[in-house]
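One-based numbering, in listed order, for ligands and for the atoms of each.
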Amino acid sequence: MSESIWKKNLSISDRDQLEETIKTDVCIIGAGMAGILTGYMLQKQGLGVVILEADRIGSGQTRGTTAKITSQHGLIYNRLCRNFGAAGAWQYASANEEAIDNYERIIDEEHISCDFKRCASYLYTKKSTDLLEKEAEAARLSGIAASLTKEIELPLNITAALRFPNQAVFHPLKFLQALSEKLDIYEKSKVLKITGRKVETEFGKVWAKHIVFACHFPFINIPGYYFMRLYQERSYILALKNAMSLENYYYGIDNDGLSFRMAGEYLLLSGGNHRTGAKLTDSPYKLHSEMAAKLWPDSFTAANWSAQDCMTPEGVPYIGRFSKKAPNWYVATGFGKWGMTSSMISAKILSNLIMGQAGIGQDIFYPQRELCGEAIVGYLKNGLHTIKNFSKYLIPKSKKSCTHLGCPLTWNPEEGTYECPCHGSRFDSKGRLIGGPARKNLHTDGL
Ligand SMILES: Cc1cc2nc3c(=O)[nH]c(=O)nc-3n(C[C@H](O)[C@H](O)[C@H](O)COP(=O)(O)OP(=O)(O)OC[C@H]3O[C@@H](n4cnc5c(N)ncnc54)[C@H](O)[C@@H]3O)c2cc1C
């Protein structure tokens with residue numbers, strides 16, 4: 001991918017590779033937003049923490065985010081009320097609202113300069129207002145001061161918008177840089193194997209009482225079975241200059257809707273979503289470019305990039321114990337492209353669990369929660385999709401297969417990458433691993 005604007009003029013200092021054996025209280029795998037926040041909270045409470053990062057701090061999906069810190073996660077509250085009842089939706093809303101406040105508190109306490117700003121978040125539609133009206137009611141039932149309006153800053157002919165007040169934005173990597181300074185982090189230290197309390201990288205080992213998987217997609221298949229419960233979705237971002245300025249941010253719920261936020265002088269347009277590994281028939285930037293040309297003809301593209309996130313069948317992350325069979329392992333994944341608040345919620349839930357305190361949100365985010373109807377349908381669809389793609393492996397000409405579970409790969413011409421349609425692992429044109437759950441490069445005879 002080309003580089004996101006967050007990396008411009010920012011360099012996070014390099015850390016050593018792990019080349020020794022260390023004993024600690026908690027070993028965290030992954031130095032993205034979830035891993036760093038969890039490490040920060042645990043260290044604050046006096047525990048010894050070691051973070052192992054396969055690449056560099058913030059080099060995963062966190063560098064590709066649009067970094068809206070919000071409780072407004074698309075049309076989530078109506079869905080939550082349907083699947084988990086009003087109490088579940090309330091729990092989700094309070095955990096997310098608290099996460100926004102926690103960002104503000106930490107930024108204040110640690111004197112972090114990261115362009116944090118409070119603003120409102122809007123969903124908009126140009127079609128029937130039914131969905132937004134239902135969402136407004138469900139959001140209010142969940143305790144959010146949501147209101148319907150027709151007034152937005154964007155020059156779009158909308159029929160309605162749903163406003164959540166007091167949300168926020170920031171610069172994710174400036175925040176990560178500041179928070180990571182006091183943490184014990186090893187870079188270029190990919191975790192290859194975990195047995196009980198022992199975590200192994202190529203050149204070192206960590207013995208830990210607790211192990212946290214904050215590595216985006218958990219790469220251990222059994223126990224946990226996360227590969228059966230997650231898929232990945234990719235989205236594309238265009239940073240426009242000379243477009244317009246916005247005080248708040250927006251997300252369109254119609255098929256041609258995009259997400260909009262301001263970041264300094266750039267207007268970020270995000271969309272073009274597809275399941276990772278899906279065959280592309282058109283440029284994923286088509287909608288962005290058309291909208292930019294129509295609404296802001298004098299604007300130009302200053303940067304573009306893409307990222308992906310793990311999706312759960314019912315739209316709620318998995319945060320908590322990894323599996324009943326591994327009581328000292330914990331997981332934070334399935335953020336559904338809302339990983340800023342979800343990372344903060346993960347840090348709170350996981351640090352509470354590790355410190356032996358009860359935590360809010362434990363029930364709805366519990367990774368082994370009971371399956372609702374939508375989750376069962378999602379599991380089945382996901383399983384069928386995997387079987388369909390995996391069966392192509394049996395056709396001899398499909399040679400490029402993923403080193404995770406052998407699914408045949410597809411080529412993404414926009415990114416110049418091989419992608420797994422089953423679980424979302426990615427490889428560059430030379431077969432080098434870019435992102436998991438796979439842990440190994442492609443076999444060169446597969447190229
Ligand atoms: C286009 C797009 C826009 C988004 N916009 C928003 C938004 O506006 N607001 C919002 O809330 N969320 C947003 N998200 C979601 C958010 O960016 C992610 O959910 C979040 O960044 C995930 O953070 P993470 O720490 O879980 O993962 P990552 O940032 O990917 O961190 C995981 C780290 O683990 C490391 N790792 C992996 N395997 C190993 C291993 N074996 N050993 C050691 N290290 C390992 C990786 O190198 C990586 O650095 C967006 C997502 C996308 C795709």
Legend entry - Side chain, backbone, both or neither: the part of Ala214 lying under 4.0 Å from ligand 1 by heavy atom: backbone
Legend entry - Nitrogen or oxygen atoms of Gly339 and ligand 1 under 3.5 Å apart: yes
Inset, instruction - Examine the side chains of Glu314 and Asn83 and answer whether a donor and an acceptor come within less than 3.5 Å of each other. - result: no
Legend entry - Contact (N/O only, under 3.5 Å) between Gly35 and ligand 1: no
Inset, instruction - Kindly give the heavy-atom pair with the smallest separation between Ala239 and Ile5, and that separation in Å. - result: CB-CG2, 4.0 Å
Legend entry - Side chain, backbone, both or neither: the part of Thr66 lying under 4.0 Å from ligand 1 by heavy atom: both
Legend entry - Residue portion contacting ligand 1 (non-hydrogen atoms closer than 4.0 Å) for Tyr236: neither
Legend entry - Geometric N/O contact Arg439 with ligand 1, under 3.5 angstrom: no
Inset, instruction - Take the angle between the ring planes of His171 and Trp6 and call it parallel below 30°, perpendicular above 60°, tilted in between. - result: perpendicular
Inset, instruction - Would you mind finding which of Glu53, Glu233, His216 brings a heavy atom closest to atom 46 (C) of ligand 1? - result: Glu53
Legend entry - Top protein contact for atom 21 (O) of ligand 1, by heavy-atom distance: Thr62 OG1, 3.0 Å
Legend entry - Mode of Thr201 contact toward ligand 1 - side chain, backbone, both, neither (heavy atoms, under 4.0 Å): neither
Inset, instruction - Would you mind finding which of Arg56, Met340, Arg63 brings a heavy atom closest to atom 11 (O) of ligand 1? - result: Met340
Inset, instruction - Before signing off on this row, confirm whether Ile237 and ligand 1 have an N or O atom pair separated by under 3.5 Å. - result: no
Inset, instruction - Ignoring hydrogens, just give me the one of Asp309, Ile57, Thr333, Leu192 whose non-hydrogen atom is nearest atom 19 (O) of ligand 1. - result: Asp309
Legend entry - Ring geometry between His210 and Tyr330 (parallel below 30°, tilted from 30 to 60°, perpendicular above 60°): tilted
Inset, instruction - If the plane angle is over 60° it's perpendicular, under 30° parallel, otherwise tilted; pick one for His423 and Phe227. - result: perpendicular
Inset, instruction - Among all protein heavy atoms, pick out the one at the shortest distance from atom 43 (C) of ligand 1; state its residue, atom name and that distance to 0.1 Å. - result: Ala54 N, 3.2 Å
Inset, instruction - Validate the cation-pi geometry between Arg369 and Tyr366: distance from NZ or CZ to the six-membered ring centre under 6.0 Å, angle to the ring axis within 45°. - result: no
Legend entry - Any N/O pair Ile29/ligand 1 closer than 3.5 Å: no
Inset, instruction - Apply side chain to side chain contact (heavy atoms under 4.5 Å, CB included) to Lys8 and list each qualifying residue two or more places apart in sequence or on a separate chain. - result: Tyr266
Legend entry - Location of contacts on Gln308 toward ligand 1, heavy atoms closer than 4.0 Å: backbone
Legend entry - Nitrogen or oxygen of Ser235 less than 3.5 angstrom from that of ligand 1: no
Inset, instruction - Classify the side-chain pair Thr201/Lys190 by whether it contains a donor and acceptor separated by less than 3.5 Å. - result: no
Inset, instruction - With sequence neighbours excluded, tell me which residues meet side chain to side chain contact (heavy atoms under 4.5 Å, CB included) with Lys440. - result: Thr403
Inset, instruction - For atom 13 (C) of ligand 1, find the nearest protein heavy atom and state the residue, atom name and distance (0.1 Å precision). - result: Lys337 O, 3.0 Å
Legend entry - Polar contact flag for Phe219 and ligand 1 (N/O pairs, less than 3.5 Å): no
Legend entry - Heavy-atom nearest option to atom 17 (O) of ligand 1, drawn from Asp55, Leu37, Thr65: Thr65
Inset, instruction - Compare Asn273, Val191, Leu18 and give the one whose heavy atom is closest to atom 42 (N) of ligand 1. - result: Val191
Inset, instruction - Give a yes-or-no answer on whether the side chains of Gln308 and Thr276 include a donor-acceptor pair shorter than 3.5 Å. - result: yes
Inset, instruction - Indicate, as side chain, backbone, both or neither, the part of Ala67 found under 4.0 angstrom from ligand 1 when only non-hydrogen atoms are considered. - result: backbone
